[in-house]
Amino acid sequence: MRCHYCEREAAYEAEQSGVVVGLCEEHFKARVEELAESDELASLRDKIDIESSE
């Protein structure tokens with residue numbers, strides 16, 4: 001399988017609802033960094049902290 005963003009061999013594959021997407025090492029790391037800095041993840045962290053303290 002090839003990377004979704006470039007033509008390199010995919011190092012990682014993600015599947016959702018039967019759709020499989022490959023990512024090379026470089027693009028996988030870039031996506032993880034983007035997600036780590038996202039507002040959605042911060043919101044999820046806040047929600048988990050609130051729920052775990054109840």
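The figures that follow rest on heavy atoms only: side chains count, while hydrogens, waters and symmetry mates do not. Positions are given from 1, in the same order as the sequence printed here.
Expressed to the nearest 0.5 Å, how far CG of Asp46 lies from CG of Asp39 amounts to 10.5 Å. Atoms CZ and CD, from Arg45 and Glu40 in turn, are 12.0 Å apart once rounded to the nearest 0.5 Å.
Between Leu41 and Ala36, the shortest heavy-atom distance links the atoms CD2-CA, 3.6 Å. Taking all atoms of both residues into account, the shortest heavy-atom contact from Cys24 to Cys6 is SG-SG, 3.8 Å.
Under the 4.5 Å side-chain heavy-atom criterion for Ile, Leu, Val, Met, Phe, Trp and Tyr, Val20 and Tyr5 are members of distinct hydrophobic clusters. Tracing side-chain contacts under 4.5 Å through hydrophobic residues (I, L, V, M, F, W, Y), one never reaches Val21 starting from Tyr12; they form parts of separate clusters.
Residues Met1 and Glu13 have side chains in contact (heavy-atom distance under 4.5 Å, counting atoms from C-beta outward).
More than 12 heavy atoms of other residues, nucleotides or ligands shown are found within 6.0 angstrom of CD on Glu34.
In summary, Arg8 and Glu25 do not engage in a salt bridge, as defined by a charged side-chain N under 4.0 Å from a carboxylate O.
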Start with the C-alpha gap between Glu9 and Arg2, add the side-chain angles, then the distance that decides, and say whether side chain to side chain contact (heavy atoms under 4.5 Å, CB included) holds. CA-CA 5 Å; Glu9 187 68 27; Arg2 298 283 174 205; 3.2 Å; yes

